[in-house]
Structures are given as C-alpha cells and as structure tokens.
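Throughout, a chain's letter reflects where its sequence line sits, starting with A, and its residues are numbered from 1. These figures come from a predicted structure and were not determined experimentally. Every heavy atom of this structure was used, including side-chain atoms; hydrogens, water molecules and symmetry mates were not.
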Protein chains: 2
Amino acid sequence: MRSTAEARRVTVLNTAVSVFARAGFHATPVTAVAAAAGISEAYVFRLFAGKLGLFVAAAGACFDRIAEAIEAGAERATGDSPEEILDTMGGAYAELIADRDLLLFQVQAQAVTDIPEVAEAVRAGYRRVATFVQDRAGASDAQVQQFFAYGQLCHLIVTAGLEQVPEPWARALTAGIRHP
Amino acid sequence: MRSTAEARRVTVLNTAVSVFARAGFHATPVTAVAAAAGISEAYVFRLFAGKLGLFVAAAGACFDRIAEAIEAGAERATGDSPEEILDTMGGAYAELIADRDLLLFQVQAQAVTDIPEVAEAVRAGYRRVATFVQDRAGASDAQVQQFFAYGQLCHLIVTAGLEQVPEPWARALTAGIRHP
DNA sequence: TTTGTTTGTAAGTGTGCACTCACACACTTG
DNA sequence: CAAGTGTGTGAGTGCACACTTACAAACAAA
C-alpha cells in the first residue's frame with residue numbers, strides 16, 4: 001500500500017483540473033490525466049466513476065479552490081465598504097488565476113454544460129462563490145452582477161489572448177483588468 | 001447538378017453553427033453536421049478543409065451574423081448619445097441570440113482556442129464587433145468594456161441555466177438582463 | 001453523341017480512446 | 001505462516017469517428 005485511495009483522489013483531482021483546462025473534456029483522454037498524475041489509466045477508472053465522474057469531481061475541486069481563495073482574500077480587506085471588500089476579493093481572484101488553469105477549467109466546464117451533471121456542478125460552484133460574495137461583502141445585486149460580469153470578461157481576454165493584441169479595441173477590453 | 005458548391009457551403013455553415021453549438025467541436029461528429037444539412041459526410045469533407053476548416057468557417061459565419069445584427073440594430077437608435085446607441089445595440093444582440101445557437105457557438109469556440117486557427121477566428125470576430133461598437137456608438141473604452149463584460153455574463157447565465165434558478169444569488173446575476 | 005466538369009455518395013480504412021478484467025504486489029491481522 | 005483487504009497495473013475489447021477512394025449521376029459544350 002503506497003498511498004490511501006483518498007489521498008490519491010486528491011492529487012489526481014488537482015492534476016485533472018490542470019490537464020482538462022488545456023483541451024477540455026472531450027479532447028482530453030483519461031490517459032493524459034493518469035500520466036500527469038503518475039498512475040495507470042486503469043486506476044483512475046477505479047478511483048472515479050468514469051471519465052465524467054472524474055471531470056465533475058475536478059469541477060468541485062476547482063470551485064473549492066476559487067471559493068477558498070476569495071474567502072481568504074476577504075479577510076485581508078482593510079475597510080468594510082462593499083466596494084473595498086469586492087475589490088479585495090477581485091484581487092485575490094486575480095492572483096489565484098495567474099496560472100490560468102482554474103480560469104480555463106471554468107471555460108471548459110461551461111462548454112460541456114449540455115451534460116446535466118456538469119451543469120449542476122457549475123451551478124453549485126457559482127452558488128457557493130456568489131452567495132459568499134453577496135453576504136460577506138454586503139454588496140447590492142447590481143454590484144454582485146458587475147463583479148461576475150467582469151470576471152467573465154477575463155475568461156474572454158485570456159482564451160482569446162487579448163493581452164497580446166495591441167489594437168485599440170483589445171486595449172479597451174483589457175483596460176484596468178488585473179494581472180492577465 | 002443540384003446546387004452550386006458555393007450555395008451548399010452557405011447552408012452547411014448555418015447548420016454547422018447550430019449543430020456545433022450544442023456539444024462543441026470535439027463532441028460533434030461531422031456526420032451530425034452532414035445529416036442536419038441533408039448531405040453525405042463525404043461531401044462535407046469535399047466542401048471544407050477537414051473538420052477544423054468547417055468549424056473555423058462556421059465561426060466566421062457566426063460572427064458575421066452577430067456583426068450584421070448589431071450594425072443593423074445601430075440604425076434603429078433614436079438618439080445619438082453613446083448610452084442610447086449601446087442600449088439599442090444590446091437590444092439587437094439580445095434579440096438575435098434568443099435562439100441560443102449563436103451564443104452557445106461562441107462559448108464552444110472559446111473553449112477550443114487552444115487550436116490557433118480557432119483563436120484567430122475568435123479574435124477576428126471580436127475585432128469586427130468591438131471596433132464597430134466603439135466607432136459607431138462613439139463610446140469610451142470603459143463603456144465598450146462594460147458592454148462586452150455583460151455580454152459575457154449572458155454566456156454564463158445561459159450555459160448554467162441561471163434563469164431557471166430561483167435562489168437570490170442567481171436572481172442577482174440575471175437581474176435586468178434582456179431576454180434569456 | 002462524346003468529352004469534360006462539377007455535384008454527390010457508398011463503402012471502406014486506420015486510429016484513438018473509454019472502459020474491463022485478470023492478475024500481482026503491499027500491508028495487516030490472527 | 002495463512003488468509004484477507006486494499007492498492008496498483010498490463011493487456012486487451014469494442015466502438016466511434018476523421019478522413020479517403022472509387023465510382024455514379026447531372027449538366028454543359030463540342
């Protein structure tokens with residue numbers, strides 16, 4: 001017994017987030033995840049209920065990490081106006097997604113929401129994050145909406161590589177966006 | 001000769017947008033597009049340079065339709081303040097994506113931007129739409145950015161099915177969004 | 001009619017991949 | 001030590017699907 005199954009599941013999930021992030025659910029063979037995690041394909045199938053079970057569990061892990069980062073970030077807020085707290089949360093999020101994996105995974109998950117289990121996982125993830133933002137920052141509906149709208153804009157900026165585009169329209173879309 | 005190849009290409013592209021919109025590039029066999037278009041798989045391969053060529057061409061058709069709708073919508077603006085024109089453009093876009101195909105196709109295209117040809121097609125699409133919005137509405141960078149941020153929020157709302165979620169966080173995210 | 005061109009297809013071919021199964025090794029308990 | 005339990009894999013199996021090829025029918029021009 002080299003490791004417990006539960007510990008394996010955790011490491012596999014983290015690598016799964018990274019690997020699925022690049023090419024998405026359908027274009028990523030589970031051999032790729034297995035190889036990245038350093039175990040055999042067969043064992044991945046023993047640890048999770050099929051490729052779909054693996055992806056859904058990875059989505060859970062992805063949103064867990066996002067929620068934790070935002071929750072931890074909120075603690076660092078200096079003032080307690082909604083604007084200040086939202087700003088600090090945004091900063092924590094920007095910091096977290098610097099490596100792109102969590103952001104790209106979200107995009108990939110949104111793309112396979114035609115699979116009901118994935119749609120539910122995405123809703124569960126945003127439910128957790130959005131309710132926390134709303135409650136903790138004491139923000140209005142409009143502020144919460146704006147927070148997520150600009151978050152989604154980040155997805156476009158990163159997937160389309162707009163930071164690298166010097167034209168005016170691209171500069172307008174990326175203006176003031178943190179980090180990417 | 002039942003039809004010219006060029007006419008076929010147009011009809012195939014429109015069906016391709018609809019069919020790819022549902023399950024995305026990798027999960028959609030070209031037989032599905034061929035069947036929906038009423039022709040054989042082999043002929044699709046004769047009309048387009050592989051599955052990727054078909055998808056990239058479909059992306060072009062998708063953004064063409066969006067750009068045309070926004071350009072036509074801008075004509076209907078009553079005033080000429082940036083706010084009014086942006087609002088009218090937003091309305092035209094909301095109207096266009098009522099059938100979801102164009103919106104979902106954009107999401108699917110963003111998910112396969114790891115393929116350089118697709119990334120370039122996405123950039124070309126947003127280049128056309130964003131420059132038009134900026135020039136025609138005479139909007140500031142911040143206004144253009146906001147316009148697209150809330151457009152991207154629509155993608156999340158539709159893919160995650162948030163209109164159907166009665167909880168407060170979902171109501172906050174969907175508040176005031178037109179149509180979906 | 002014959003020759004050529006374009007539209008269209010049926011029937012493959014090869015490959016990649018999800019998933020299974022029989023088996024082996026590690027470790028524990030009695 | 002023997003028997004049991006959990007961890008891990010090699011070697012398949014079967015199917016879906018991207019792409020090709022050989023062939024046919026419609027139309028045009030001579």
Would you be so kind as to tabulate the donor-acceptor pairs closer than 3.5 Å made by side chains of residues 63-80 of chain B, with sequence neighbours excluded?
residue : atom : partner  : partner atom : Å
B:Asp64 : OD1  : B:Arg128 : NH1          : 2.9
B:Glu75 : OE2  : B:Arg136 : NH1          : 3.1
B:Thr78 : OG1  : B:Glu84  : OE2          : 3.4

Validation: residues 30-56 of chain B side-chain donor-acceptor distances under 3.5 Å, sequence neighbours left out:
residue : atom : partner : partner atom : Å
B:Ser40 : OG   : B:Tyr43 : N            : 3.2
B:Lys51 : NZ   : B:Phe25 : O            : 2.8
B:Lys51 : NZ   : B:Thr28 : O            : 2.9

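Heavy atoms of A:Ala5 sit under 4.0 angstrom from primed sugar atoms or phosphate atoms, though from no base atom. In this structure, A:Arg46 reaches the bases: a heavy-atom distance under 4.0 Å links it to at least one base atom across the strands shown.
Rounded to whole Å, atom P of D:dG6 lies 18 Å from atom CD1 of A:Ile39. As rounded to whole Å, 16 Å separates atom C1' of D:dA16 from atom NE2 of B:His26. Between B:Phe45 atom CZ and C:dT7 atom C1' there is a gap of 18 Å when expressed in whole angstrom units. Following rounding to the nearest Å, B:Leu47 (CG) and C:dT6 (C1') show an atom-to-atom distance of 11 Å. For the pair A:Phe25 CZ and C:dC17 C1', the interatomic distance rounds to 12 Å; values are reported in whole Å. A:Tyr43 has its OH atom 17 Å from the P atom of C:dC25, to the nearest Å. Per the geometry, CZ belonging to A:Arg8 stands 14 Å off P belonging to C:dA26, to the nearest Å.
Mapping A:Leu52 and B:Gly38 onto DNA chain C by nearest heavy atom places B:Gly38 closer to the 5' end of the strand.
Counted by atom type alone, A:Gln110 and A:Gln152 present one or more donor-acceptor pairs between their side chains at under 3.5 Å. Side-chain contact annotation: B:Gln145 with B:Tyr150, donor-acceptor N/O pair under 3.5 Å absent.
You'll find that the side chain of A:Ala42 is closest to C:dT20, out of C:dT9, C:dT20, D:dG8. Nearest to the side-chain atoms of B:Lys51 among the listed nucleotides C:dA18, D:dC19, D:dG10 stands D:dC19.
At a cut-off of 3.5 angstrom, the base of D:dC19 holds at least one donor-acceptor pair with the side chain of B:Glu41.
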